[in-house]
Amino acid sequence: MTALNPSGWRPEMGDAACAPEGAGATFTGNRALHLEEPLLFEIGRADHCGVDFDEVAGSPLAGLALRAAPVDLPGLSEPEAVRHYTRLSRQNYAIDLGLFPLGSCTMKHNPRLDEKVARMPGFADVHPLAPEGTVQGALKVIDELAHWLVELTGMASVAMTPKAGAHGELCGLLAIRAALDARGDKREVILVPESAHGTNPATAAFAGFKVEAIPATAAGRVDTAALIARLGPNVAGVMITNPNTCGLFESDLKTIADAVHAAGGYVYCDGANFNAIVGRVRPGDLGVDAMHINLHKTFSTPHGGGGPGAGPVVLSEALAPFAPLPFVKPGTDGVLHLIEEAQGAEQAPGAFGRMCAFHGQMGMFTRALAYILSHGADGLAQASGDAVLNANYVLRRLEHVLHAPFGATGPCMHEALFSDDGFAEGFSTLDLAKGLIDEGFHPMTVYFPLVVHGAMLVEPTETESKAGLDQFIAAMESLGQRARAGDAALKSAPHFAPRRRVDETRAARKPRLIWTPTEG
Ligand SMILES: *Cc1c(COP(=O)(O)O)cnc(C)c1O
């Protein structure tokens, strides 16, 4: 093994690698822009340093921290390390490469204007421990974004610090717990519909509640009668996603909220799909007490590599006193203050503590505020309208070849749901999704929501053009026909990806997470 980057396919990569076949084989295993890439540990060597340092005979500065054994990290030069990660990144798919129809995730274009604003040194270089008086601009961004989130949702206040949707759910449920505790109420059941995002029951359990499932109707909505029948003195509240994970509007939400309130509970709304209704419906008008907003979905901040996201939680009048610390509060002097303590002159007596060390995801706040201000009220309403229009276009153009379980109940919201009904014997949703990789698209969300067999959840978002949608639809039509006809080649797709079909069950159950060096 040399210290220089020996990129290329090696026999031990096995069948899973895109090994060259027949006359098309290359010496290296690379295929033009398609480059194979070993692990960093295989490229570099621990006894080799990528940088020339002067020999130091014992460091007086290191003192007791002086290492006794080598670090065992591969010594690589800067260009070797940079190329490694750049090559790997080219095997990935990104929203900047093409349509990314991952349902429930809202993978839409992030406007470059927002990136530019977030990179302005006055915002980008702010330190979380900088004295209040030196960061009035940053506090103003938090305060102004908070204002618009409250305005758009029709709620009383907002907790800005949660760092993702699921983190926001936890914040909302802790606020509900704090409100119940404040009135000495021991209720401990949270009702969650069957079609809920997996984070909902997980959050409720994590926050110490007991979770009970509420069934869905044949129309893909919460069974309102079943939910109301279950209400009682031990029900702390409900968690309802609206629009729900079938891509449908929960039209009974107001009725449900009134019943929950009458029974002494609170209404948590999973607002991750706010993208579909922003500028058109205010959750506060539907009786919601707490709702997280995924800035990385609705307000188009990057999801990049799984984070950072931002999940501010809007709160009703009833829950507003129980928001976590810290928060921004305008003083009478026109100066913005960051309230860090629960006691004292700047009181926040109901605050249940902190969701994170500092103020939340500042870079996401800057981007989201730029997005909101550049769109304006009419632009935001158009964005949600276009998201719904695009999803319905996909739904209606594909329902002749893919079964749409709720297609007959009317239009969908921001995502179109299909099932594997009608596929040839032995063909599954997974086969179609793998075929989509060969066609150059990221697969849609599969096998979720659980209420539909072999679910395929397609969320095109508003940032796709009609031409882009037509191309995707044509690929999906072709794949749907192949799945119906039982085209054997689909069972072994993807054929053109860096890796062929991998054993996903084994990868999940018995992952090989440790690299062991091979001699030689
Ligand atoms: C994305 C999503 C979440 C979780 O949001 P994260 O930011 O990934 O934690 C929760 N509920 C629904 C309906 C979602 O779509």
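Here the structure is a predicted model, which is why all the values come from computation and not from measurement. Note that ligands are numbered from 1 as they come in the structure, with each ligand's atoms numbered from 1 the same way.
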Report yes if [X] has an N/O atom closer than 3.5 Å to an N/O atom of ligand 1; otherwise report no.
X	value
Asp270	yes
Ser104	yes
Lys297	yes
His167	no

Regarding [X] and [Y], is there a side-chain donor-to-acceptor distance under 3.5 Å anywhere?
X	Y	result
Glu459	Thr106	yes
His303	Asn294	no
Tyr393	Asp470	yes
Lys210	Asn234	no

With a 3.5 Å distance limit and no angle check, can you tell me whether Asp223 reaches the backbone of Thr217 through a side-chain donor-acceptor pair?
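Answer holds: no.
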Lys297 side-chain N/O to Ser104 backbone N/O, donor-acceptor pair under 3.5 Å: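 Checked: pair present.
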Original post:
Any idea which of Asn244, Thr199, Asn294 brings a heavy atom closest to atom 10 (C) of ligand 1?
Top reply: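 Among Asn244, Thr199, Asn294, the closest heavy atom to atom 10 (C) of ligand 1 comes from Thr199.
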query: Which is closest to atom 6 (P) of ligand 1 in terms of heavy atoms, Gly165, Ala202, Cys105, Pro162?
result: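 Heavy atom nearest to atom 6 (P) of ligand 1 belongs to Gly165.
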| field | For Thr241, the ligand 1 atoms whose distance to one of its heavy atoms is below 4.0 Å | value |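 Selected atoms, number and element: 13 (C).
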### Close-contact set for ligand 1 against Ala164 heavy atoms, below 4.0 Å
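Once the distances to Ala164 are compared, the set is 7 (O), 9 (O).
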Between Ala272 and ligand 1, which part of the residue brings a heavy atom under 4.0 Å of the ligand: side chain, backbone, both or neither?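 Contact part for Ala272 vs ligand 1: side chain (C-beta onward).
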Open item on the list: Starting from atom 8 (O) of ligand 1, what is the nearest protein heavy atom, named by residue and atom, and what distance separates them?
Closed with: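 Protein heavy atom at minimum distance: His296 NE2, 4.4 Å.
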Residue and atom name of the nearest protein heavy atom (relative to atom 9 (O) of ligand 1), distance in Å to one decimal: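 Heavy-atom neighbour on the protein nearest atom 9 (O) of ligand 1: Ala166 N, 2.8 Å.
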- Query: What orientation do Phe100 and His442 show, parallel under 30°, tilted 30 to 60°, or perpendicular over 60°?
  - Reply: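 Plane angle under 30°, so parallel.
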Is ligand 1 less than 4.0 angstrom away from at least one heavy atom of Glu169?
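Judged by the 4.0 Å heavy-atom criterion, Glu169 does count as contacting ligand 1.
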With ring centroids as reference points, do His197 and Phe448 lie under 6.0 angstrom apart?
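Yes, they do, as the ring centres are separated by less than 6.0 Å.
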